[in-house]
Amino acid sequence: MKPLWDDLIARARGLQSHLLTPGQLESVGRCGDLAALRESLRQAGIGTGEDDEVLRPATLELAVRRWAATLLHVLGRWAGTRSAVLPSIFADEERHSVRRLLRGASQHAEPEVRLAGLIPTPALPERALEELARAPNAAAVVASLSAWAHPFARELVKVVHAAAPDAFQLEAALARAWAEQARRAARESGDSNVRAWVTQSIDIENLVTGLILAGEGKDVVAEEHFLGGGSRLGQAQFILAIQSGSPAAALAH
């Protein structure tokens, strides 16, 4: 039986009142220092600690990260037995997190920099993100994901064995793992809107990958880079776009 969503939609609309409006986002963006930023966030309803705390970018980042995680947790709790739909949404957020953490590890960035903009999810809670942000290299990030049996690990393990793994290969493996998890979760959800969203997300991912490959002139193995499950961009079109010679020509194609 297809789940009903009227009650969750109504609650989500109510939850929207806790999100920043366009005007509030613009106000936050105009802040000239950390003190002004903290005050602007407080006015928007985001708690940022006590006034006597040392004011640092990481402090505000942590507050915003926890605020966003709380909203996701509330949404998941409201979904109850219908939470099979949500893994597709969480997987997309986790892909963003793992991609940033892999890039940060490869660039030996500071942990605070790697954590910027990440939102905890049930499979990658705050403590897990912090541990991954301290990993000395990309291989260590993948090793932790594998130890936790995270769905992304199986594909990443295949390409991370090198001393200096190719960043593009890592991100291609991450995209494959994400697409597989998202497609499976969408099927299990029984919800046509979720399936349509996943299909469109895969098309967009293929589009972006095609533009990158067309610009870099890489030799392409379609099976490694094209994600199945989209509807607007087929594999043959994907290859032709890449072979067009430039991002502009690929986009026109």
Side-chain angles (χ1 to χ4, degrees), residues 1-101 112 114-130 133 178 181-182 185-186 188-201 204:
M1 180 178 176
K2 185 176 179 179
L4 299 177
W5 295 97
D6 291 351
D7 64 313
L8 189 62
I9 290 170
R11 286 179 165 185
R13 284 175 175 163
L15 193 65
Q16 186 178 4
S17 64
H18 296 278
L19 303 179
L20 273 66
T21 65
Q24 288 173 319
L25 283 172
E26 185 177 349
S27 175
V28 169
R30 289 198 301 265
C31 293
D33 55 48
L34 291 179
L37 177 58
R38 178 169 63 183
E39 183 58 30
S40 185
L41 290 172
R42 283 179 173 175
Q43 290 179 5
I46 301 175
T48 54
E50 302 297 330
D51 288 335
D52 57 356
E53 291 184 19
V54 177
L55 190 55
R56 301 169 55 242
T59 304
L60 299 182
E61 168 70 29
L62 178 60
V64 173
R65 186 161 65 247
R66 288 177 172 172
W67 166 74
T70 297
L71 296 184
L72 279 182
H73 177 73
V74 168
L75 191 64
R77 189 176 71 249
W78 284 344
T81 58
R82 300 161 297 182
S83 59
V85 171
L86 299 180
S88 297
I89 299 171
F90 290 146
D92 194 53
E93 196 61 52
E94 288 164 15
R95 173 179 61 148
H96 168 73
S97 294
V98 173
R99 175 186 288 160
R100 185 172 182 87
L101 290 164
E112 292 178 357
R114 304 184 202 181
L115 285 169
L118 306 192
I119 300 176
T121 63
L124 288 179
E126 183 180 323
R127 184 174 297 179
L129 293 178
E130 290 175 348
W178 158 77
Q181 184 182 1
E188 293 173 355
S189 74
D191 188 89
S192 60
N193 291 311
V194 175
R195 290 196 297 270
W197 176 73
V198 169
T199 297
Q200 185 182 55
S201 297
I204 292 171

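Remember, predicted model here, so these are calculated numbers, not experimental data.
- Inter-residue side-chain proximity for I89 and L75 is flagged as unmet; no heavy-atom pair is nearer than 4.5 Å.
- Listed by chain and number, the residues in a side chain to side chain contact (heavy atoms under 4.5 Å, CB included) with Q43 are E39 (sequence neighbours excluded).
- Remark: R11 engages no residue in a salt bridge (charged side-chain N to carboxylate O under 4.0 Å, His left out) (not counting sequence neighbours).
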Derivation of the side chain to side chain contact (heavy atoms under 4.5 Å, CB included) call for L124 and V98: CA-CA 9 Å; L124 288 179; V98 173; 3.9 Å; yes
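- When all heavy atoms are compared, the tightest approach of C31 to A36 is SG-O, 3.5 Å.
- Taking every heavy atom of both residues into account, A182 and S88 meet most closely at O-OG, 3.4 Å.
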Below 3.5 Å, can you tabulate the donor-acceptor pairs from side chains in residues 194-201 to any protein atom, sequence neighbours excluded?
residue : atom : partner : partner atom : Å
T199    : OG1  : R195    : O            : 2.9
S201    : OG   : W197    : O            : 2.9

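- Under the side chain to side chain contact (heavy atoms under 4.5 Å, CB included) criterion, I119 pairs with A68, L72, E93, not counting sequence neighbours.
- For residues 118-129, every residue pair satisfying the side chain to side chain donor-acceptor pair (under 3.5 Å) rule, not counting sequence neighbours, is listed here: R66-E126, E94-T121.
- The salt bridge (charged side-chain N to carboxylate O under 4.0 Å, His left out) check on E61 picks up R65, with sequence neighbours excluded.
- When all heavy atoms of L129 and S97 are compared, the pair lying nearest together is CD2-CB, 4.1 Å.
- Not counting sequence neighbours, the partners of A133 by the side chain to side chain contact (heavy atoms under 4.5 Å, CB included) test are L101, P111, R114, L115.
- H73 meets the side chain to side chain contact (heavy atoms under 4.5 Å, CB included) test with R77; sequence neighbours excluded.
- Of all non-hydrogen atoms in W178 and A91, the two that sit nearest each other are CD1-O, 3.6 Å.
- Partners of R99 according to the salt bridge (charged side-chain N to carboxylate O under 4.0 Å, His left out) rule, which considers only residues two or more places apart in sequence or in another chain, are E171, E205.
- When the side chain to side chain donor-acceptor pair (under 3.5 Å) test is applied to Q16, no partner is found at least two apart in sequence or on another chain.
- Distance check, rounded to the nearest 0.5 Å: CG of L19 to CH2 of W67 gives 5.5 Å.
- Going from atom CG of L20 over to atom CD of E26 covers 12.0 Å, rounded to the nearest 0.5 Å.
- Residues that satisfy the salt bridge (charged side-chain N to carboxylate O under 4.0 Å, His left out) test with E112, not counting sequence neighbours, are R56.
- Expressed to the nearest 0.5 Å, how far CZ of R38 lies from CD1 of I46 amounts to 14.0 Å.
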